[in-house]
K.L.:
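What follows is a structure written as structure tokens; I'll ask about it next.
Everything quoted here is computed from the prediction, not taken from an experiment. So you know, we letter chains A, B, ... as the sequences are listed, proteins then strands, and number each from 1.
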Amino acid sequence: MIAGIDFAAPSHEVAPQLIGTVLLVNGVGGRIVETEAYDREDPASHSFTGPSQRNRAMFGAPGHAYVYLSHGIHWCLNFVCREEGHGAGVLIRAIEPLAGLETMQARRGTLDARQLCSGPGKLGQALAIVHAYNGCALDAPPFALAARVEPVALVAGPRIGISKAVEVPWRFGLAGSRFLSRPFR
DNA sequence: CTTAGGATCGCCT
DNA sequence: GGCGATCCTAAGC
């Protein structure tokens with residue numbers, strides 16, 4: 001259990017529970033407002049075709065990070081779910097900036113709070129996610145994950161930017177948040 | 001506001 | 001050799 005969440009549960013159950021929790025990376029971060037679940041039996045998942053060099057962290061212990069490079073440019077952050085060897089995870093897609101605002105503004109090259117962490121690639125840049133964090137535990141530096149203090153209103157919908165399993169409603173968000181990568185509809 | 005194209009590279013076929 | 005769990009900019013309505 002980390003931040004009150006059992007990461008051994010299925011990713012589509014963990015993903016909504018993560019909404020409202022506070023993620024810090026080296027003290028910089030904020031409230032998670034958007035996530036997506038991916039599973040082994042899921043054509044859209046990196047783990048679908050089995051373990052490989054890139055996705056091996058997804059098949060590691062739950063409650064750890066899976067970091068991958070998207071389009072040769074963006075480092076994106078996932079939380080590993082299920083039992084070791086399963087191959088599931090939750091993509092962290094957007095955060096409401098709370099801590100280290102100036103640091104994130106400098107890394108992103110903008111003062112606009114809504115442009116700091118509103119997407120997996122932006123978030124990776126704002127939190128300075130690097131490949132060295134791949135496989136790191138989420139309850140130890142550089143990571144810190146804190147349980148949400150209030151109940152949250154959730155919304156769900158289809159995942160973004162994928163070409164397979166387009167209809168699966170495994171994207172979750174904080175209802176009404178201004179810090180989403182895209183609105184829910 | 002919506003769409004189209006380019007950047008850029010590690011991984012898998 | 002092709003293709004992304006993306007982002008940014010520019011151009012079109």
K.L.:
Please verify the inter-ring angle class for A:Trp170 with A:His12; under 30° counts as parallel, over 60° as perpendicular, anything in between as tilted.
P.N.:
parallel
K.L.:
So, A:Arg93 versus A:Ser181: side-chain donor-acceptor pair below 3.5 Å or not?
P.N.:
yes
K.L.:
Just how far, in rounded Å, is C1' of C:dT6 from CG of A:Leu116?
P.N.:
17 Å
K.L.:
Using the rule for Phe, Tyr, His and the six-membered ring of Trp, do A:His71 and B:dA7 stack at under 5.5 Å and under 30°?
P.N.:
no
K.L.:
Between atom CD of A:Glu96 and atom CG of A:Leu116, what is the distance when rounded to the nearest 0.5 Å?
P.N.:
11.5 Å
K.L.:
Could you tell me how far apart A:Asn78 (CG) and C:dT6 (P) are, to the nearest whole angstrom?
P.N.:
11 Å
K.L.:
To the nearest Å, how far apart are A:Asp112 CG and C:dC7 P?
P.N.:
15 Å
K.L.:
On DNA chain C, does the nearest nucleotide to A:Gly119 precede the nearest nucleotide to A:Lys164 from the 5' side, or the other way round? Give the residue.
P.N.:
A:Lys164
K.L.:
Atom NE2 of A:His46 and atom P of B:dT13: how far apart are they, to the nearest Å?
P.N.:
13 Å
K.L.:
Does any residue of residues 121-132 of chain A have a heavy atom under 4.0 Å from DNA chain C, and if so, which ones, in number order?
P.N.:
A:Gly121, A:Lys122
K.L.:
Kindly express the pairing pattern of DNA chain C in dot-bracket notation, using | wherever a base pairs with another strand and counting only Watson-Crick or G-U pairs under 3.5 Å.
P.N.:
||||.|||||||.
K.L.:
Heavy atoms under 4.0 Å, any strand shown: does A:Arg159 hit a base, just sugar-phosphate, or nothing?
P.N.:
nothing
K.L.:
What's the spacing between A:Asn55 CG and A:Ser47 OG if we round to 0.5 Å?
P.N.:
6.5 Å
K.L.:
Compare the minimum distances between each of B:dA7, C:dC8, B:dG10 and the side chain of A:Leu69, then state the nucleotide with the smallest one.
P.N.:
B:dG10
K.L.:
Identify, between A:Gly72 and A:Thr49, the residue whose nearest nucleotide on DNA chain B lies closer to the 5' end.
P.N.:
A:Gly72
K.L.:
With side chain to side chain contact (heavy atoms under 4.5 Å, CB included) as the test, pick out the partner of A:Val33 among A:Leu174, A:Ile19, A:Ile92.
P.N.:
A:Leu174
K.L.:
So, do A:His74 and C:dT6 meet the stacking rule of ring centres under 5.5 Å and planes under 30°?
P.N.:
no
K.L.:
Checking the side chain of A:Gln105 only, and the main-chain atoms of A:Thr110 only, is there a donor and an acceptor separated by less than 3.5 Å?
P.N.:
no
K.L.:
Check every strand shown and say whether A:Ile162 touches a base, only sugar-phosphate, or nothing at a heavy-atom separation below 4.0 Å.
P.N.:
sugar-phosphate
K.L.:
Does the side chain of A:Arg93 get closer than 4.0 angstrom to OP1 or OP2 of C:dT6 through an N or O atom?
P.N.:
yes
K.L.:
Nearest-Å distance, CD1 (A:Ile160) to P (C:dG4)?
P.N.:
17 Å
K.L.:
Keeping A:Arg108 on the side-chain end and A:Gln115 on the backbone end, is there a donor-acceptor pair under 3.5 Å?
P.N.:
yes
K.L.:
For A:Trp75 and B:dA7, what is the distance between atoms CH2 and P respectively, to the nearest whole Å?
P.N.:
21 Å
K.L.:
Could you check whether A:His46 and A:Asn78, counting side-chain N and O atoms only, form a donor-acceptor pair closer than 3.5 Å?
P.N.:
no
K.L.:
Given A:Ile32, which of A:Val152, A:Leu145, A:Val90 fulfils the side chain to side chain contact (heavy atoms under 4.5 Å, CB included) condition?
P.N.:
A:Leu145
K.L.:
Could you say whether the aromatic ring of A:Tyr68 and the base of C:dA5 stack, counting only centre distances under 5.5 Å and plane angles under 30°?
P.N.:
no
K.L.:
If I take atom OH in residue A:Tyr38 and atom P in nucleotide C:dG4, what distance separates them, rounded to the nearest angstrom?
P.N.:
13 Å
K.L.:
Show your reasoning for whether side-chain contact (heavy atoms from CB on, under 4.5 Å) applies to A:Leu91 and A:Tyr38.
P.N.:
CA-CA 8 Å; A:Leu91 172 66; A:Tyr38 290 89; 4.1 Å; yes
K.L.:
With the side chain of A:Ser70 defined as its heavy atoms from C-beta on, choose the nearest nucleotide among C:dC8, C:dT6, B:dA7.
P.N.:
C:dT6
K.L.:
Would you kindly give the CD-to-P distance between A:Gln53 and B:dC9, to the nearest whole Å?
P.N.:
18 Å
K.L.:
Compare side-chain N and O positions of A:Arg108 against OP1 and OP2 of C:dC8 and report whether any pair is under 4.0 Å apart.
P.N.:
yes
